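Scroll down for the structure; my scribbles are underneath it.
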Amino acid sequence: MTDHIRFDAQSNTLDLLDQRALPLVEERLYCRTLDSVIEAIKSLAVRGAPAIGVSAAWGCVIAAREAGLDTVGGSDDWRENLDSALDRLAASRPTAVNLVWAVEHMRALWKQKNPANSAELHTLWLAEAARVQAADVAANQTMGAFGAALLDDGDTVLTHCNAGALATAGWGTALGVIRSAIAEGKRIRVISDETRPVLQGARLTAYELARDGIPVMAACDNAAGLLMKKGLVQKIVVGADRIAANGDTANKIGTYGLAVLAKEHGIPFYIAAPLSTIDPTVLTGDGIPIEERPDSEVAELAGTRILPEGVGAYNFAFDVTPSQYIAGIITEAGVLSAPYEQSIAEALRGVTG
Ligand code: MRU
């Protein structure tokens with residue numbers, strides 16, 4: 001699946017499969033303005049760290065056109081207006097570093113090439129956003145091949161949230177590893193945690209795996225301990241929203257508990273993520289900002305309030321798994337292992353030359 005993020009250059013429109021409506025309705029969301037891209041990211045119409053990054057790259061393209069029309073800011077200087085538009089885009093969700101990565105990548109290219117006007121910048125960014133999108137799929141397929149070697153024929157892999165094609169430009173990170181193992185002929189089954197509060201596991205992971213004919217069972221989040229104890233889980237593979245320089249990893253709320261349970265049961269717990277998810281400026285997980293979302297996501301189920309009136313709810317969207325629980329970080333540069341300070345620094349050196 002790669003058509004969930006499309007860009008129509010003719011109409012300068014980002015065309016998204018609206019993930020809020022899945023799996024019941026396959027509905028497209030057309031973003032023609034930067035504000036609508038920001039709203040799509042905030043509202044989870046597009047979600048998953050790499051998919052947010054790719055959408056943000058397209059958001060820059062839309063912003064470049066708006067800068068030419070002077071609709072993004074209040075100054076006469078299109079460059080100044082565009083800079084503040086990019087800042088707004090980068091701030092639309094705080095935890096997934098791929099968002100900032102993509103915006104700063106586009107901004108750096110702009111400053112480096114210094115085009116004479118916004119129309120030239122638009123052309124430059126159009127090509128670059130397409131490249132960022134294609135590179136994400138390629139990275140996932142490379143990481144899939146590295147990760148597939150960690151899975152054995154007959155394994156059942158537990159995953160949390162959705163780190164699949166929908167969460168990326170295609171193929172997926174955690175689900176990409178599973179897809180690659182299956183492509184190699186291994187028989188792999190998947191357990192998808194429901195992933196409250198907004199059920200990315202039940203709605204999205206189950207949807208895309210079932211669509212590909214990959215055997216998947218859903219389980220409520222609090223079943224994980226029992227499933228491990230019963231020997232029903234051989235490996236755990238999840239995605240990541242931000243990885244600190246020491247390997248501590250932020251991912252969907254509930255991931256940390258899974259990692260601790262995995263250690264208790266001797267089950268290898270892997271992270272699969274592209275190098276763009278690593279934030280070397282954050283030294284440990286304590287420095288990763290954790291998004292807090294509206295408590296209505298917890299208070300309601302499918303639009304119906306399930307909490308008594310007047311009762312509030314915690315809604316931290318992510319937690320951080322300390323690196324000591326992580327058996328390996330699967331990237332497009334290979335499987336990184338402890339000590340992560342060293343393996344991460346080496347992998348990033350390979351990227352920057
Ligand atoms: O709030 P979401 O749905 O954007 O959270 C997504 C996750 O936590 C994913 O596991 C993570 O972004 C990795 S996606 C390849």
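Along the sequence shown, the residues carry numbers beginning at 1. Quick caveat: nothing in here was measured; it's all calculated off a predicted structure. Start at 1 and go down the list; that is how both ligands and their atoms are numbered.
There is a side-chain donor-acceptor pair under 3.5 Å between Ser11 and Asp8. Of the N and O atoms on the side chains of Glu297 and Asn315, at least one donor lies less than 3.5 Å from an acceptor on the other residue. Side-chain polar atoms of Thr95 and Asp241 form no donor-acceptor pair below 3.5 angstrom. Residues Trp171 and Ser180 have side chains that bring a donor and an acceptor to within less than 3.5 angstrom of each other. Side-chain atoms of His4 and Gln19 include no donor-acceptor pair closer than 3.5 Å.
Heavy atoms of Ala163 found under 4.0 angstrom from ligand 1 belong to the backbone as well as the side chain. Contacts with ligand 1 closer than 4.0 Å are made by backbone heavy atoms (N, CA, C, O) of Ala240 only, the side chain lying farther away. Contacts of Val238 with ligand 1, taken as heavy-atom pairs under 4.0 Å, are absent altogether. Contacts between Gln200 and ligand 1, counted as non-hydrogen atom pairs separated by less than 4.0 Å, involve the side chain only.
Each of Lys186, Arg189, Lys235, Arg187 was compared with Asp155 under the salt bridge (Lys or Arg N to Asp or Glu O under 4.0 Å) criterion, and only Lys235 meets it.
At distances below 3.5 Å, not a single donor-acceptor pair connects side-chain atoms of Ser55 with backbone N or O atoms of Gly53. Under the 3.5 Å distance criterion, the side-chain polar atoms of Arg179 are left unmatched by any main-chain donor or acceptor of Gln141.
Near Phe318, meaning under 4.0 Å from one of its heavy atoms, ligand 1 places the atoms 1 (O), 5 (O), 8 (O). Interface atoms of ligand 1 facing Ala49, defined by a heavy-atom separation under 4.0 Å, are 12 (O), 14 (S). Below 4.0 Å from some heavy atom of Thr173 lie the following atoms of ligand 1, by number and element: 15 (C). Close approach of ligand 1 to Arg93 (heavy-atom distance below 4.0 Å) involves ligand atoms 1 (O), 2 (P), 4 (O). Near Lys252, with a cut-off below 4.0 Å to any heavy atom, the atoms of ligand 1 are 1 (O), 2 (P), 5 (O), 8 (O).
Counting only heavy atoms of the protein, atom 9 (C) of ligand 1 lies nearest to Asn251 OD1, 3.4 Å. Taking atom 14 (S) of ligand 1 as the reference point, the nearest protein heavy-atom neighbour is Ala167 CB, 3.5 Å.
Residue contacts with ligand 1: Ala317 is excluded, as none of its non-hydrogen atoms falls under 4.0 Å. In this structure, Asn162 is part of the shell of residues with a heavy atom less than 4.0 angstrom from ligand 1. Ligand 1 does not have Gln19 within reach: every non-hydrogen atom of the residue lies 4.0 Å or more from it.
A cation-pi arrangement, defined by a distance under 6.0 Å to the six-membered ring centre and an angle within 45 degrees of its axis, is absent between Lys263 and Phe269.
Below 3.5 Å of separation, one finds an N or O of Asp241 facing an N or O of ligand 1.
Tyr207 OH: more than 12 foreign heavy atoms inside a 6.0 Å radius.
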